[in-house]
Amino acid sequence: MDSERRVHPDCINASNPYHECVDYCFRKIAEAKARLEKLGLVEAVNGQSRESLADKRIEEEISEEEEEEEDNQEPKVDVTQLTGRKKKLYELKLKMHEARKSNQTDVGSEKKKMEAPTEPKGISKQKWVEARQKKIGKILDANGLDMSKAYMLDTQETAETKYKKWEKEPTPSGWDVFNQKTLYNAYKKRTKNIHVDIEEYNRMRAADPEFYREASSLQYGKAPKISKDKIDKMAKELHDREEKRQEFSRRRKFREEKDIDSINDRNEHFNKKIERAFGKYTLEIKNNLERGTALPD
């Protein structure tokens, strides 16, 4: 059956086993050959068919890429021989070339910023911990110990630091700031640096029979005489406490690679608030302004 088939090798349906060429197929093949002859590709049709055509397309693409590279390269012209409009046109081409190169550089840097890092900090920390455990394991094996005895390798300073961390209570947050235990701890912290004169205390208690007054005492509410130096100490403690409260600030991470877009700390805080609210809506506009491509339509 295959020997009886009438199929031209250049027919587009030649791969179909049930196809037989008719006058329409031969006419289309003749028209295609005529078009190719006009383009100077008769050899591709007569001899090499599709492979030579593919090679031709590849050569054309390579030539186009080379032309694009030549366009991107800075034109080499003797400026001294140019006059008038030609010189102005040459200067405009140079400016366009510089703008194109700077835009490509900016786009590449922005892409690097937007891409996720190849190795996040969590993985780096995990690798560091694993390497440290391996190192400790080797030292323990050399001394005939297992990992449960790893604390025996700690020095005295390291052990004291660990104990202090374990004894340290977490910082109160939320409503725990105002409970009785937290207020009492704050009171102890404030009175820790106060020096108590025991002799003066005993002298004042001996001079006043009602030193420990009750609610029924007629002298209730009467304050004893306080020396001026004690009043100054109390005022100094209150002043120092106020200064410490004003200087307190929660530590925040500082990123050196971040762009500086503020003139002082207050302006930086304001810019962060604006960025949280409107950053996702103004990202494209900001990038265009930085690249210099924010031109009107």
Side-chain angles (χ1 to χ4, degrees), residues 121-122 124-126 128-129 132-133 136 147-258 260-277:
K121 293 182 179 179
S124 300
K125 187 175 181 181
Q126 184 178 357
W128 177 81
V129 171
R132 187 169 179 271
Q133 287 179 351
I136 293 172
M147 286 299 293
S148 61
K149 303 291 184 180
Y151 63 88
M152 297 181 70
L153 300 176
D154 295 339
T155 60
Q156 181 182 353
E157 291 80 6
T158 308
E160 288 178 356
T161 306
K162 284 184 179 179
Y163 295 151
K164 285 181 181 179
K165 285 183 179 180
W166 294 342
E167 292 173 359
K168 188 176 181 181
E169 296 182 358
T171 306
S173 60
W175 291 106
D176 293 337
V177 177
F178 305 104
N179 60 22
Q180 293 299 320
K181 184 180 179 182
T182 306
L183 294 175
Y184 178 65
N185 290 336
Y187 169 76
K188 285 199 303 182
K189 189 175 180 180
R190 290 182 63 187
T191 57
K192 183 174 63 175
N193 298 324
I194 296 176
H195 176 68
V196 180
D197 191 351
I198 301 297
E199 294 180 358
E200 186 178 359
Y201 170 75
N202 292 330
R203 187 171 60 252
M204 291 175 67
R205 187 176 64 174
D208 190 357
E210 292 188 358
F211 188 77
Y212 298 107
R213 298 184 183 90
E214 297 180 355
S216 59
S217 175
L218 296 176
Q219 294 185 359
Y220 180 77
K222 182 181 177 182
K225 290 184 179 180
I226 307 297
S227 59
K228 191 175 183 302
D229 59 339
K230 288 185 172 55
I231 295 174
D232 293 340
K233 283 182 181 178
M234 183 190 69
K236 183 177 181 302
E237 193 272 336
L238 293 173
H239 181 69
D240 293 343
R241 188 161 172 259
E242 184 66 25
E243 285 185 350
K244 191 173 182 180
R245 185 186 292 115
Q246 290 180 357
E247 291 176 358
F248 174 77
S249 178
R250 180 170 59 87
R251 289 186 178 181
R252 293 170 174 82
K253 291 183 178 179
F254 177 74
R255 295 179 174 83
E256 294 182 353
E257 67 275 7
K258 187 178 179 183
I260 298 174
D261 57 354
S262 58
I263 57 175
N264 51 36
D265 294 339
R266 186 175 178 183
N267 182 240
E268 182 182 2
H269 182 63
F270 178 77
N271 289 346
K272 286 180 180 178
K273 292 166 69 175
I274 293 294
E275 183 69 22
R276 283 198 298 268

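These numbers were taken from a predicted model, which means no experiment stands behind them. Note that these values count all heavy atoms, side chains included, but never hydrogens, waters or copies made by symmetry.
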| said: Any carboxylate oxygen within less than 4.0 angstrom of a Lys/Arg side-chain nitrogen, looking at Asp232 and Lys228? | reply: yes
| query | Are Thr182 and Asn185 linked by a side-chain donor-acceptor pair shorter than 3.5 Å? | reply | no
| query | More than 12 non-hydrogen atoms from neighbouring residues, nucleotides or ligands closer than 6.0 Å to CG on Asn179, yes or no? | reply | yes
| query | Does CD in Gln180 sit with more than 12 non-hydrogen atoms of other residues, nucleotides or ligands closer than 6.0 Å? | reply | no
| said: What verdict does the side-chain contact (heavy atoms from CB on, under 4.5 Å) test give for Met152 and Lys149, after you've listed the backbone C-alpha separation in whole Å, the side-chain angles of each residue and the deciding distance to 0.1 Å? | reply: CA-CA 6 Å; Met152 297 181 70; Lys149 303 291 184 180; 3.9 Å; yes
| said: If the condition is side chain to side chain contact (heavy atoms under 4.5 Å, CB included), which residues does Asn271 pass it with, not counting sequence neighbours? | reply: Asp261, Ser262, Asn267
| For the atom pair CZ (Arg205) and CD1 (Ile198), what is the distance rounded to the nearest 0.5 Å? | 9.5 Å
| Chi angles and distances behind the salt bridge (Lys or Arg N to Asp or Glu O under 4.0 Å) call for Lys244, Asp240 | CA-CA 6 Å; Lys244 191 173 182 180; Asp240 293 343; over 6 Å; no
| Contacts of Glu237 that satisfy side chain to side chain contact (heavy atoms under 4.5 Å, CB included) - sequence neighbours left out | Arg190, Arg241
| task | Please test Glu242 against Arg245 for salt bridge (Lys or Arg N to Asp or Glu O under 4.0 Å), starting from the C-alpha separation and ending with a verdict. | result | CA-CA 5 Å; Glu242 184 66 25; Arg245 185 186 292 115; 2.7 Å; yes
| field | Salt bridge present between Glu157 and Lys162 (N-O < 4.0 angstrom) | value | no
| query | Judged by modelled atom types alone, do Thr155 and Thr158 share a side-chain donor-acceptor pair under 3.5 Å? | reply | yes
| request: Begin from the C-alpha positions of Gln133 and Ile136 and carry the test side-chain contact (heavy atoms from CB on, under 4.5 Å) through to its verdict. | output: CA-CA 5 Å; Gln133 287 179 351; Ile136 293 172; 5.7 Å; no
| task | Return yes when atom CZ of Phe270 has more than 12 non-hydrogen atoms of other residues, nucleotides or ligands closer than 6.0 Å, and no otherwise. | result | no
| remark: CG (Asp197) and CD1 (Ile194) are apart, to the nearest 0.5 Å, by 13.5 Å
| query | When rounded to the nearest 0.5 angstrom, what distance separates CG in Asn264 from CD in Glu268? | reply | 9.0 Å
